[in-house]
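Atoms within a ligand are numbered from 1 in the order they appear, just like the ligands themselves. Given the structure is predicted, the values throughout are model-derived calculations rather than measurements.
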Amino acid sequence: ESIIRFEKVNKWYGNNFHVLRDIDLNVARGEKIVICGPSGSGKSTLIRCINRLEEHQEGRLVVDGVELSDDVKAVDEVRKKVGMVFQQFNLFPHLTVLDNLTLSPMWVGKLPRKEAVEKAMQQLERVRIADQAGKYPLQLSGGQQQRVAIARALCLTPKIMLFDEPTSALDPEMIKEVLDVMIELADQGITMLCVTHEMGFAKAVADCVIFMDEGQIVESSPPHEFFNNP
Ligand code: ADP
Ligand code: ADP
């Protein structure tokens, strides 16, 4: 039983740029999917449709039993289930690491401060950055900032985590610390979709590697098959 189901999903930007073409995709609960392909092929758009940062125009998209449509309630419901991590971290520079989590728009005001702090610290510990809780994002390395962003996404206890090129903005020596955290998360059973060029990560954790080209899924296979193809 799929946690994410795309059925003949089509999307256009404007009136004529056909960015997603007849996407059919089933993601099983706990599955790890890596999405690769050339720049501009629609990878980012595809995962952004899952939490409705982008809207599809045709076809069906069902996330954990909720069909995404113009219904605001459905969108809110889905967003509570889905954490997202971006290439550029998207942290608030004027807030401490801790407050980037406790003041996250997703759950601000929903918990008393003490509980929010406890929950945030737990997630920071999970990505081994709790000792930096009082610093500001720009005082941290890129790898540390990305781990904070992952912790923030985890605060809602999402069932699904989306990663959009999470290591592309990092210096090579910082990539490993982020990938290690992602590999640990993968082991904890969360469903993950990750747009990345890190084929080492794909080999280590992916159940399935998807290759996109010009808005279509042109290949979808387990990593051992994917990497053996000429
Ligand atoms: P990828 O993640 O594979 O690089 P994207 O999904 O980011 O691809 O983008 C696919 C194509 O859609 C690109 O040509 C990009 O310029 C275009 N595109 C992305 N976002 C928009 C937008 N908001 N409006 C118009 N075109 C867009
Ligand atoms: P990425 O490659 O990391 O997905 P991009 O640089 O392609 O990021 O896009 C950054 C932002 O600009 C995204 O929100 C995307 O939707 C938007 N965008 C990308 N291409 C276009 C475009 N041709 N027209 C309008 N917006 C675009």
Side-chain angles (χ1 to χ4, degrees), residues 3-27 31-63 68-70 72 75 78-79 81-91 105 142 145-146 149-150 152-153 158 160-172 174-175 178-179 182 185-186 191-203 205-223 226-227 229:
I3 189 166
I4 300 170
R5 194 166 78 240
F6 285 76
E7 282 176 20
K8 289 250 174 292
V9 167
N10 283 277
K11 173 174 177 60
W12 289 262
Y13 282 122
N15 288 327
N16 51 23
F17 186 70
H18 198 172
V19 61
L20 296 180
R21 298 166 180 256
D22 284 341
I23 299 291
D24 282 313
L25 175 65
N26 282 297
V27 182
E31 201 173 3
K32 326 295 172 210
I33 309 256
V34 163
I35 303 167
C36 56
S39 177
S41 57
K43 306 180 296 293
S44 177
T45 302
L46 180 126
I47 63 168
R48 290 164 67 93
C49 283
I50 296 169
N51 62 352
R52 202 73 170 174
L53 290 181
E54 296 290 351
E55 294 173 18
H56 62 285
Q57 284 101 24
E58 278 182 11
R60 298 184 71 208
L61 176 47
V62 182
V63 181
L68 281 169
S69 62
D70 293 335
V72 185
V75 172
V78 165
R79 286 191 180 152
K81 303 168 186 278
V82 182
M84 184 149 184
V85 174
F86 302 89
Q87 182 175 343
Q88 298 296 344
F89 326 135
N90 292 2
L91 300 173
Q145 290 182 63
Q146 191 59 300
I150 293 172
R152 182 173 63 181
I160 299 164
M161 283 282 283
L162 307 176
F163 295 85
D164 194 352
E165 304 208 24
T167 57
S168 299
L170 299 178
D171 292 332
M174 288 163 196
I175 291 177
V178 171
L179 290 181
M182 290 171 62
L185 275 184
T191 305
M192 290 171 59
L193 284 88
C194 182
V195 175
T196 186
H197 305 288
E198 285 295 325
M199 290 304 123
F201 175 76
K203 285 179 188 167
V205 310
D207 299 299
C208 176
V209 182
I210 284 175
F211 188 85
M212 286 189 73
D213 194 22
E214 297 190 349
Q216 288 182 304
I217 295 178
V218 295
E219 189 182 344
S220 167
S221 39
F226 189 88
F227 294 109
N229 285 346

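Every heavy atom of Gly37 sits 4.0 Å or more from the atoms of ligand 1. Within the 4.0 Å heavy-atom shell around ligand 1 one does not find Gly215.
When the shell of 6.0 Å around CD of Glu214 is examined, it contains 12 or fewer heavy atoms from other residues, nucleotides or ligands.
Atom numbering of ligand 1 starts at 1 in the shown order; those under 4.0 Å from a heavy atom of Pro38 are 3 (O). Set against the non-hydrogen atoms of Phe17, the atoms of ligand 1 under 4.0 Å away are 11 (C), 12 (O), 14 (O), 17 (C).
A side-chain donor-acceptor contact under 3.5 Å links Gln57 to the backbone of Trp12. The closest donor-acceptor contact from the side chain of His18 to the backbone of Leu20 lies under 3.5 Å.
The side-chain contact (heavy atoms from CB on, under 4.5 Å) test with Ile35 singles out one residue from Thr196, Ile47, Leu162, and that residue is Ile47. When each of Val34, Ile217, Ile23 is checked for a side-chain contact (heavy atoms from CB on, under 4.5 Å) with Ile210, only Ile217 meets the rule.
Of all the listed residues (Cys36, Gly42, Gly40), Gly40 holds the heavy atom that lies closest to atom 4 (O) of ligand 1.
Salt-bridge annotation for Asp24 and Arg60: absent, with no side-chain N of the basic residue lying under 4.0 Å from a carboxylate O of the acidic one.
Contacts between Val19 and ligand 1 below 4.0 angstrom, taking non-hydrogen atoms only, involve the side chain exclusively.
On a distance-only criterion, Glu54 and ligand 1 share no N/O pair closer than 3.5 Å.
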